[in-house]
Amino acid sequence: MKKVIMIYDLKGNDVERIGFNRKLFQYRIQSHKGRYKTKSKGVLKDYIKLARSVVMFSLNDIVMVKSILKQSKAKYKLYEVHKELK
């Protein structure tokens, strides 16, 4: 399966950055000292975070990721990984 490496830079305030991360990745919400826990659904279900602001994910998710990147006005570069070396 082909993978995509995304390098992104999101300048702005914390509200925009947190909103971007919540749309893209899954996150957990806790309230009342961990008594109530819920998981939100992000666009990326299966991904590998390689470094800060560097993510590798499946090529199937590229359309949704691009739409979120355009909404948030983030600077980004996408690279397609063709072959795994052994």
Side-chain angles (χ1 to χ4, degrees):
M1 180 176 281
K2 291 188 178 183
K3 299 278 186 177
V4 175
I5 294 178
M6 176 177 71
I7 302 170
Y8 62 94
D9 183 20
L10 187 63
K11 302 276 182 182
N13 60 11
D14 290 339
V15 174
E16 293 174 2
R17 184 178 46 80
I18 291 170
F20 171 76
N21 285 333
R22 286 184 176 184
K23 288 177 188 174
L24 201 59
F25 307 111
Q26 289 183 346
Y27 68 98
R28 256 186 348 181
I29 301 172
Q30 295 181 3
S31 62
H32 297 285
K33 298 180 183 176
R35 191 175 197 184
Y36 303 106
K37 297 177 184 177
T38 59
K39 267 191 183 179
S40 75
K41 297 178 182 177
V43 172
L44 296 178
K45 304 288 185 246
D46 185 31
Y47 63 92
I48 299 171
K49 199 156 185 162
L50 301 172
R52 180 180 280 176
S53 300
V54 180
V55 180
M56 184 166 62
F57 56 91
S58 174
L59 185 63
N60 299 336
D61 300 327
I62 193 74
V63 175
M64 292 300 295
V65 171
K66 277 187 176 181
S67 69
I68 291 172
L69 286 166
K70 287 180 183 177
Q71 288 173 4
S72 63
K73 300 175 184 173
K75 294 180 184 176
Y76 64 93
K77 292 192 180 197
L78 299 169
Y79 300 97
E80 187 174 351
V81 180
H82 292 285
K83 187 176 174 186
E84 180 180 344
L85 299 175
K86 294 185 181 188

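Counting from 1, the numbers follow the sequence of the chain as shown.
- The two residues Leu44 and Phe25 make their nearest non-hydrogen contact at CD1-CE2, 3.9 Å.
- Across all non-hydrogen atoms, the minimal contact from Val43 to Met64 is CG1-CB, 3.4 Å.
- Between atom CZ of residue Phe57 and atom NZ of residue Lys3 there is a gap of 10.0 Å, rounded to the nearest 0.5 Å.
- Ile29 and Ile18 fall into different hydrophobic clusters, where Ile, Leu, Val, Met, Phe, Trp and Tyr residues are linked whenever their side-chain heavy atoms come under 4.5 Å apart, directly or through other members.
- Under the 4.5 Å side-chain contact rule for hydrophobic residues, Val63 and Tyr8 share a cluster.
- Lys73 places no side-chain N or O within donor-acceptor distance of the main-chain N or O of Lys70, the cut-off being under 3.5 Å.
- Atom NZ of Lys2 sits in a sparse spot, with 12 or fewer heavy atoms from other residues, nucleotides or ligands closer than 6.0 Å.
- Using a 4.5 Å cut-off between side-chain heavy atoms of Ile, Leu, Val, Met, Phe, Trp and Tyr, with links allowed through other members, Leu10 and Leu24 fall into the same hydrophobic cluster.
- If you chain together hydrophobic residues whose side chains sit under 4.5 Å apart, Tyr79 and Val4 never meet in one group.
- Between Phe20 and Ser72, the shortest heavy-atom distance links the atoms CD1-OG, 3.4 Å.
- Hydrophobic clustering (ILVMFWY, side-chain heavy atoms < 4.5 Å, transitive): Leu78 and Ile7 are in distinct clusters.
- Enclosure of atom CG in Asp46 is not indicated, since only 12 or fewer non-hydrogen atoms of other residues, nucleotides or ligands lie within 6.0 angstrom.
- Nearest approach of Gln26 to Lys45, heavy atoms of both residues: NE2-CD, 3.6 Å.
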Test side chain to side chain contact (heavy atoms under 4.5 Å, CB included) applied to Leu69 and Met6, step by step
CA-CA 11 Å; Leu69 286 166; Met6 176 177 71; 3.5 Å; yes
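- If you take CZ on Arg22 and CZ on Arg17, they are separated by 11.0 Å, rounding to the nearest 0.5 Å.
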